[in-house]
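Some notes on the structure that comes next.
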Amino acid sequence: MVTLIHTLADHSDDVNYCAFSSSCLATCSLDKTIRVYSLNNFTELPYSPLKGHTYAVHCCCFSPSGHVLASCSTDGTTVVWDTRNGRMLAVLEQPSGSPVRVCRFSPESTYLVSGAADGSVVLWNMQSLKLYRSGNVKDGSLVACAFSPNGNFFVTGSSCGDLTIWDDKMRCLYNEKAHDLGVTCCDISSQPISDGEHGFRYFQMASCGQDNQIKLWLILFADFLGVELKYKCTLNGHSAPVLACAFSYDGQMLVSGSVDKCVIIYETSTGNTLHTLSQHTRYVTTCAFAPYSPLLATGSMDKTVNIWQFDFKQPCAGNTVENDSKVAVEDWSEDDVSAWLCAQDLADFVGLFKMNNIDGKELLNLTKESLTNELKIVQRVSRIGARTS
């Protein structure tokens, strides 16, 4: 069961994109602004809306820590913002000056990709905030981008229908004609899956397009094999072009939004439709799952963003049980720790823990002193310390 729990109606024009961090939701619009909301009560942060672009804002995304937000625009720039105070950190100008359609951070926040209407792709170094590498797709505008969870490669989608795989040096590794009438969006699940045959771990990708279809793919990236892209299946259900798709954090669900004004939630493993949501009155342009809570956001040309809640605890890599043994905790990844923090109502510490690379072993070694002195956590130290002891 999915319930509509809130509608945000602050934008004065089409909503183009929405993105979650562990504690915030960002939305951007044709009205040239980016708005940032707290997930606690969906109120805008004091510095919102962010104003700095001179034309429509097409895309926005948070860095993995959630401390930085990037937005890109028809004005040919990608702007980097500090989410703690709304300060503009940098204005990154696309070398060609072409309208920037999409931006994405790498999983370690090392790089930021910006893709433009002229097909140019730029990889920005986030430490220096300077151009690191650049390239071009063969034809069409670059409209979609997704990083692999390990950061070794990223995929771009173009308006001519191609999916292109690049490594972190901007070398083109693979190109596939995926959607005849053009790609509109793509996403890579954060949870790799095994093929069960050779023991290889594949990355699962979804793409959608103007052909009304969503396609699922498996990507194998191995030094000795290069890159392999396997078509898995096509998900049907929309009666018009599909403008957005996104995996849930655990990879078990996929959501899509379409020109038909509908949002469809699929079970990834079977392709079955779990829910169809039809509250928007115009094209659905964007959809996103929250990483550590059972929330879904959908945005539309009707100028609204709908927030939906699942009535079950969304399964994710960090499904944790209070009685888990220390051996199990020791094996937790950083994402498992993040999910545990959220389950303990400590979501505001997720960014800090990720920034300090705290996995299960590190979590077990935390003391009151290290929490206070090294992580600078003064409030609620006793709660975390007690739960890790």
Side-chain angles (χ1 to χ4, degrees), residues 16-17 19 28 30 32 34 52-61 63 68-81 88-107 109-148 151-179 181-188 205 207-210 227 229 243-244 285-286:
N16 286 330
Y17 207 83
C28 63
L30 280 183
K32 310 176 190 175
I34 305 101
H53 289 291
T54 55
Y55 288 98
V57 186
H58 292 288
C59 186
C60 58
C61 61
S63 66
V68 177
L69 176 71
S71 60
C72 60
S73 166
T74 301
D75 63 18
T77 69
T78 302
V79 177
V80 182
W81 312 84
M88 189 183 290
L89 299 175
V91 178
L92 309 176
E93 296 185 6
Q94 201 77 1
S96 61
S98 179
V100 186
R101 300 295 189 199
V102 66
C103 55
R104 284 291 181 279
F105 283 99
S106 66
S109 294
T110 309
Y111 302 114
L112 174 68
V113 167
S114 62
D118 64 353
S120 62
V121 193
V122 176
L123 204 55
W124 303 92
N125 182 308
M126 284 309 296
Q127 191 167 2
S128 64
L129 294 172
K130 302 289 184 187
L131 188 149
Y132 171 63
R133 293 277 196 278
S134 63
N136 273 83
V137 295
K138 290 189 300 184
D139 298 296
S141 297
L142 201 142
V143 294
C145 181
F147 263 96
S148 66
N152 287 348
F153 66 88
F154 63 96
V155 177
T156 59
S158 78
S159 60
C160 73
D162 285 2
L163 291 172
T164 306
I165 303 176
W166 312 77
D167 69 9
D168 56 6
K169 302 289 190 298
M170 281 294 299
R171 291 179 294 216
C172 178
L173 304 177
Y174 193 91
N175 194 76
E176 173 97 10
K177 187 77 171 180
H179 295 270
L181 303 176
V183 174
T184 52
C185 188
C186 63
D187 191 30
I188 297 177
M205 180 176 70
S207 64
C208 57
Q210 299 284 352
V227 172
L229 182 65
L243 303 181
T285 53
T286 179

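On a predicted model such as this, the values are computed, not experimentally measured, just so you know.
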From Leu112 atom CG to Met126 atom CE, the distance as rounded to the nearest 0.5 Å: 5.5 Å
CD1-SG distance between Ile34 and Cys60, expressed to the nearest 0.5 angstrom: 7.0 Å
Phe154 and Phe147 aromatic ring geometry - parallel, tilted or perpendicular at 30°/60° bounds: tilted
Sidechain-backbone polar pair: Lys177 side chain, Cys160 backbone, donor-acceptor under 3.5 Å: yes
Residue pair Ser106 / Thr110: nearest heavy atoms and the distance that separates them: OG-N, 3.1 Å
Ser159 side chain vs Gly182 backbone, donor-acceptor pair below 3.5 Å: no
From SG (Cys61) to OH (Tyr17), nearest 0.5 Å: 7.5 Å
Any side-chain heavy-atom pair of Arg133 and Lys169 under 4.5 Å: yes
Side chain to side chain, Ser120 and Asn136, heavy atoms closer than 4.5 Å: yes
Short side-chain to backbone donor-acceptor contact, Arg104 and Cys145, under 3.5 Å: yes
Exam field: side chain Ser98 to backbone Asp118, donor-acceptor pair closer than 3.5 Å: yes
More than 12 heavy atoms from other groups under 6.0 Å of CD on Gln210: yes
Set of residues satisfying salt bridge (Lys or Arg N to Asp or Glu O under 4.0 Å) with respect to Asp139, sequence neighbours excluded: none
Residue of the set Val80, Val113, Leu92 for which side chain to side chain contact (heavy atoms under 4.5 Å, CB included) holds with Trp124: Leu92
Donor-acceptor side-chain pairing of Asp162 and Thr164 below 3.5 angstrom: no
Reported OG-to-CG distance for the pair Ser158 and Asn175, which is rounded to 0.5 angstrom: 7.5 Å
Closest non-hydrogen atom pair between Ser73 and His58, with its separation: C-CD2, 3.9 Å
Backbone N/O of Val57 and side chain of Asn16: donor-acceptor pair under 3.5 Å: yes
Distance-minimising heavy-atom pair for Ser148 and Pro107: O-CG, 3.1 Å
Backbone N/O of Val68 and side chain of Ser63: donor-acceptor pair under 3.5 Å: yes
Phe153: partners by ring pair (Phe, Tyr, Trp, His ring centres under 6.0 Å), with sequence neighbours left out: Phe203, Phe221
Side-chain heavy atoms of Leu123 within contact of Trp166, under 4.5 Å: no
Main-chain N/O of Cys208 paired to Thr184 side chain as donor or acceptor, under 3.5 Å: yes
Closest heavy-atom pair and its distance - Gly115, Val100: O-CG1, 3.4 Å
Nearest-0.5 Å distance, NZ of residue Lys138 to SG of residue Cys172: 8.0 Å
Exercise: identify the closest heavy-atom pair between Leu131 and Pro95: CD1-CG, 3.5 Å
Heavy-atom closest contact (Ser141 atom, Ala117 atom, distance): OG-O, 2.6 Å
Polar side-chain atom of Asp75 near backbone of His53 as donor-acceptor pair, under 3.5 Å: no
Straight-line distance of Leu173 CG to Leu229 CG, nearest 0.5 Å: 11.5 Å
